[in-house]
Q: 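This structure is in structure tokens; I'll ask about it shortly.
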Amino acid sequence: MSNRRNFIKLSALGGVALLTQNACSSEQTSTNEESNIEPIIPTSNKPIVVSTWNHGLDANKAAWEILSKGGSALDAVEAGVRVTESDPENMSVGLGGLPDRDGNVTLDACIMDHNSKCGAVAFLQYIENPISVARKVMEDTPHVMLAGEGALAFALDKGFEKKNLLTDKAKEAWEEWLKSSDYKPVINSENHDTIGMLAIDESGKIAGACTTSGMAYKIHGRVGDSPIIGAGLFVDSEVGSACATGVGEAVIRTAGSAMVVELMRQGKTPQEACIEVVNRIIKKHDSIENLQVGFIALDKYGNYGCHSVYAGFNIALRDNETENLVDATYENEWE
Ligand code: SD4
């Protein structure tokens, strides 16, 4: 394992961050074995929104529009990730997402609020904004998840438009892939991926959302972690929230996001909790070749952390002081 990091340095990411445990930064390094992390100081940094990858910057803008006017975290995360879903240039979420190996764009999404209410859709086709369908599942049904054709029928019944989500660019990429049809789903070595978003609003309420087109060229019907409450996303207002990006199978095996939140409940900082779950994932796999997974955690005070198996993961942060990208700490460099 190359470039293993050995300590955490806290650094200032704006005035408020000086007082918090926000431990991700390009200059910061970490491991779960040794750390000099200090106790959490409840700064109540709110409102705040954090989301995965570069595309999180635009998504955060939409979320901030709502948060900065006193709107709810739930509305903010839905509006935020819808931006990424509707961006045809983004090839890993919503419209323009890379298809499965048979050429179908199939989408997974979930949303969760401060009351532990949640909704999800899995293996949904033809709907540009699956996060909004997930919210309808949460609000208009007694259920948590709808999948496949049933989810599509529900969405159409709720007035969502049916449309072709396979853009020319994604189709060309798929046709190129078909030439080899090499079934080796590799994700995350590039700097764009699933969007997971966590927010706290002015009133202190927490919500999260997660949405993806999943692994490119996957087997038709494959569902990842992103629509699974506890895997791709988890919110518990007593503690905080977490979301995941990367190889969904590895996240599901460790109940990743729920585990991050539980570790925070036991007293770990958001950063320590992310590091611990990343290391559990590493430990449980014989090989971590191409096994990128990254977590973001946000505690109820607005302290955040982020950590990944490999370098390259970053998060977008927006609060009253800051609007920027923050590099996650990590365990390994790509070979
Ligand atoms: C999945 N976790 O479907 C999602 C996709 C992702 O990096 O985040 N890819 O497994």
Side-chain angles (χ1 to χ4, degrees), residues 50-56 59 81 84-85 87 90-94 96-101 104-112 120-125 130-131 134 145 147-148 151 165 170 173 177 183-198 208-234 242-260 274 277-278 281 285 288-296 306-316 328 330 332 334:
V50 285
S51 53
T52 53
W53 304 108
N54 292 357
H55 52 212
V81 303
T84 322
E85 288 179 335
D87 178 359
N90 184 308
M91 299 180 85
S92 48
V93 182
L98 289 169
D100 65 18
R101 65 184 187 179
N104 309 292
V105 179
T106 73
L107 306 176
D108 296 337
C110 73
I111 192 161
M112 189 164 190
V121 287
F123 187 43
L124 173 63
Q125 296 186 62
I131 198 67
M145 183 185 283
L165 302 178
W177 173 82
Y183 195 68
K184 246 194 223 163
V186 173
I187 57 180
N188 241 3
S189 49
E190 295 158 16
N191 197 6
H192 56 80
D193 222 284
T194 291
I195 184 152
M197 179 179 277
L198 309 172
C210 188
T211 175
T212 190
S213 54
M215 221 172 237
Y217 320 130
K218 60 198 173 187
I219 292 175
H220 187 57
R222 180 264 184 191
V223 170
D225 60 314
S226 302
I228 297 178
I229 297 295
L233 174 72
F234 198 63
C243 64
T245 180
V247 180
E249 285 74 3
V251 177
I252 294 170
R253 282 185 197 113
T254 47
S257 294
M259 199 56 66
V260 170
C274 292
V277 179
V278 161
I281 286 174
H285 289 82
I288 57 161
E289 196 186 343
N290 288 320
L291 192 119
Q292 173 67 311
V293 172
F295 289 101
I296 307 183
C306 50
H307 194 68
S308 55
V309 176
Y310 285 102
F313 177 41
N314 60 0
I315 69 166
Y330 55 89
N332 302 284
W334 291 97

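Read the numbers this way: they start at 1 and go in the same order the structure lists the ligands and their atoms. These figures come from a predicted structure and were not determined experimentally.
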Q: Within the structure, is a non-hydrogen atom of Arg222 found at a distance of less than 4.0 Å from ligand 1?
A: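 For ligand 1, residue contact (heavy atoms, under 4.0 Å) with Arg222 is present.
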Q: When you compare ligand 1 with Glu249, is there at least one nitrogen or oxygen pair between them that comes in under 3.5 angstrom?
A: no
Q: Starting from the C-alpha separation in whole Å, work towards a yes-or-no answer on ring pair (Phe, Tyr, Trp, His ring centres under 6.0 Å) for Phe313 and His307.
A: CA-CA 8 Å; Phe313 177 41; His307 194 68; 9.5 Å; no
Q: Taking distance alone, with N or O pairs closer than 3.5 Å, would you say Thr245 contacts ligand 1?
A: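 So ligand 1 has an N or O lying under 3.5 Å from an N or O of Thr245.
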Q: Using a plain distance cutoff, I'd like to know if Gly248 has any nitrogen or oxygen under 3.5 Å from a nitrogen or oxygen of ligand 1.
A: yes
Q: Could Glu249 and Lys218 be called an ion pair, given the rule that one side-chain N must be under 4.0 Å from one carboxylate O?
A: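 Lys218 and Glu249: not salt-bridged.
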Q: Give me the atom names and distance for the closest heavy-atom approach of Leu124 to Ala151.
A: CD1-C, 3.7 Å
Q: Counting only nitrogen or oxygen atoms and a 3.5 angstrom limit, does Gly224 reach ligand 1?
A: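 There is no such contact.
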Q: Relative to the heavy atoms of Ser226, which atoms of ligand 1 are at a distance of less than 4.0 Å?
A: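 Answer for ligand 1: 2 (N), 4 (C).
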Q: So, taking the atom named CE in Met197 and the one named OG1 in Thr211, what distance separates them when rounded to the nearest 0.5 Å?
A: 11.0 Å
Q: Kindly identify the option in Thr194, Ile252, Asp225, Thr211 whose heavy atom sits closest to atom 2 (N) of ligand 1.
A: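 Heavy atom nearest to atom 2 (N) of ligand 1 belongs to Asp225.
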Q: Pull out every atom of ligand 1 sitting under 4.0 Å from any heavy atom of Thr212, numbered as shown with elements.
A: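 With Thr212 as reference, the close atoms of ligand 1 come out as 5 (C).
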Q: Looking at side-chain heavy atoms only, is the closest gap between Asn332 and Val309 below 4.5 Å?
A: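 With C-beta onward as the side chain, the pair touches.
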Q: Before you tell me yes or no, could you show the steps for Ile281 and Phe295 under side chain to side chain contact (heavy atoms under 4.5 Å, CB included), namely the whole-Å CA-CA distance, both residues' side-chain angles and the distance that decides it to 0.1 Å?
A: CA-CA 11 Å; Ile281 286 174; Phe295 289 101; 3.8 Å; yes
